[in-house]
Amino acid sequence: SQTIHQWPATLVQPVGSPLSLECTVEGTSNPNLYWYRQAAGRGLQLLFYSVGIGQISSEVPQNLSASRPQDRQFILSSKKLLLSDSGFYLCAWSVSGTGELFFGEGSRLTVL
Amino acid sequence: RKEVEQDPGPFNVPEGATVAFNCTYSNSASQSFFWYRQDCRKEPKLLMSVYSSGNEDGRFTAQLNRASQYISLLIRDSKLSDSATYLCAVNKGNTDKLIFGTGTRLQVFP
């Protein structure tokens, strides 16, 4: 069966520090991969979307970047965090064409 | 107009009640529709896909109305454990990208 792992689960970072969140999927090949952010009391915002290694689509202009160095690995990064980057970051995967997303357990980021 | 809109609620209902949520979407090219459940401080989990003919899974029934561009979720015989936020999701045009509503909060009380 397919599983998705995301880490770290919680982190507190100062403004201006770098960020790296990692996500891996097991049990499937060539998944679509996604990064979403959910700010406190708000909906899920799609940040990045990837259909394959090195293929990243950025959905909104922001202080973040994403990379997909391997088929089942997706990384979210920032060089310098802003206060507004605080939120609940969720990695997800889907089988191309099905539309059904399956989420990791999320990473809760607080920028101070 | 937002791409996907939901009434944020909360909907406060007694155990055993029937409750329904609607979700409207703006892109008529959308083809895939879903309901997700999200518990407090947890990740969303797929509750059910919404098919053109409608579909039922136990106490849950989902419907799609393409003409009016909305989907609905009906929960019968509500349980305390149904308390959660229900998110609708619609694909963006002809892509696999899912756009989520902000969610409808349901609170079932004894």
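Predicted model, so just to flag it, every value in this text is computed and none were measured. All values below were derived from every heavy atom in this structure, side-chain atoms included, with hydrogens, water molecules and symmetry-related copies excluded. By convention in this document, chain letters (A, B, ...) are assigned in the order of the sequence lines, proteins followed by strands, and residues within each chain are numbered from 1.
B:Val50 and B:Phe34 sit in two unconnected hydrophobic clusters of ILVMFWY residues. Membership requires side-chain heavy atoms under 4.5 Å apart, directly or through other members. Cluster membership check: B:Val108 does not share its hydrophobic cluster with B:Leu87, using side-chain heavy-atom separations under 4.5 Å among Ile, Leu, Val, Met, Phe, Trp and Tyr. The hydrophobic cluster containing B:Tyr25 also contains B:Trp35, counting ILVMFWY residues as joined when their side-chain heavy atoms lie under 4.5 angstrom apart, directly or transitively. A continuous path of hydrophobic side-chain contacts links A:Val51 to A:Trp35 [ILVMFWY only; heavy atoms under 4.5 Å]. Hydrophobic clustering (side-chain heavy atoms under 4.5 Å, transitive across Ile, Leu, Val, Met, Phe, Trp, Tyr) groups A:Leu109 together with A:Leu83.
For the set B:Ser32, B:Pro44, B:Gly103, B:Pro8, the entry with the most heavy-atom pairs within less than 4.5 Å of chain A is B:Pro44. The most heavy-atom pairs under 4.5 Å with chain B, out of A:Tyr49, A:Phe88, A:Phe102, come from A:Tyr49.
If you measure heavy-atom distances from A:Gln6 to chain B, you find no contacts under 4.5 Å at all. Both the backbone and the side chain of B:Lys97 come within contact range of chain A, judged by heavy atoms closer than 4.5 Å. With a 4.5 Å cut-off on non-hydrogen atoms, B:Asp96 touches chain A through its backbone and its side chain both. Looking at A:Ser96, the atoms closer than 4.5 Å to chain B (heavy atoms on both sides) sit in the backbone and in the side chain alike. The part of B:Lys92 that comes within reach of chain A is its side chain, from C-beta onward, which places non-hydrogen atoms under 4.5 angstrom from that chain. For B:Gln6, no part lies near chain A; criterion is any non-hydrogen pair under 4.5 Å.
In this structure, A:Phe103 and B:Leu46 have side chains that are not in contact, with every pair of non-hydrogen atoms separated by 4.5 Å or more. Residues A:Arg108 and B:Arg41 have side chains in contact (heavy-atom distance under 4.5 Å, counting atoms from C-beta outward).
Residue-environment remark: CD (A:Glu105) stays at or below the threshold of 12 foreign heavy atoms within 6.0 Å. Counting heavy atoms of neighbouring residues, nucleotides and ligands inside a 6.0 Å radius, atom CZ of B:Arg37 exceeds 12 of them.
In this structure, a donor-acceptor pair under 3.5 Å is present between the side chains of A:Gln38 and B:Gln38.
Residues B:Glu43 and A:Gly104 come closest through the heavy atom pair CB-O, 3.0 Å.
A distance of 10.0 Å separates CG of A:Leu44 from CG of B:Leu98, quoted to the nearest 0.5 Å. Put simply, CG on A:Leu90 and CZ on B:Phe100 are 9.0 Å apart, with the number rounded to the nearest 0.5 Å.
Within the 3.5 Å criterion, the main-chain N or O of A:Leu101 finds a donor-acceptor partner in the side chain of B:Tyr36.
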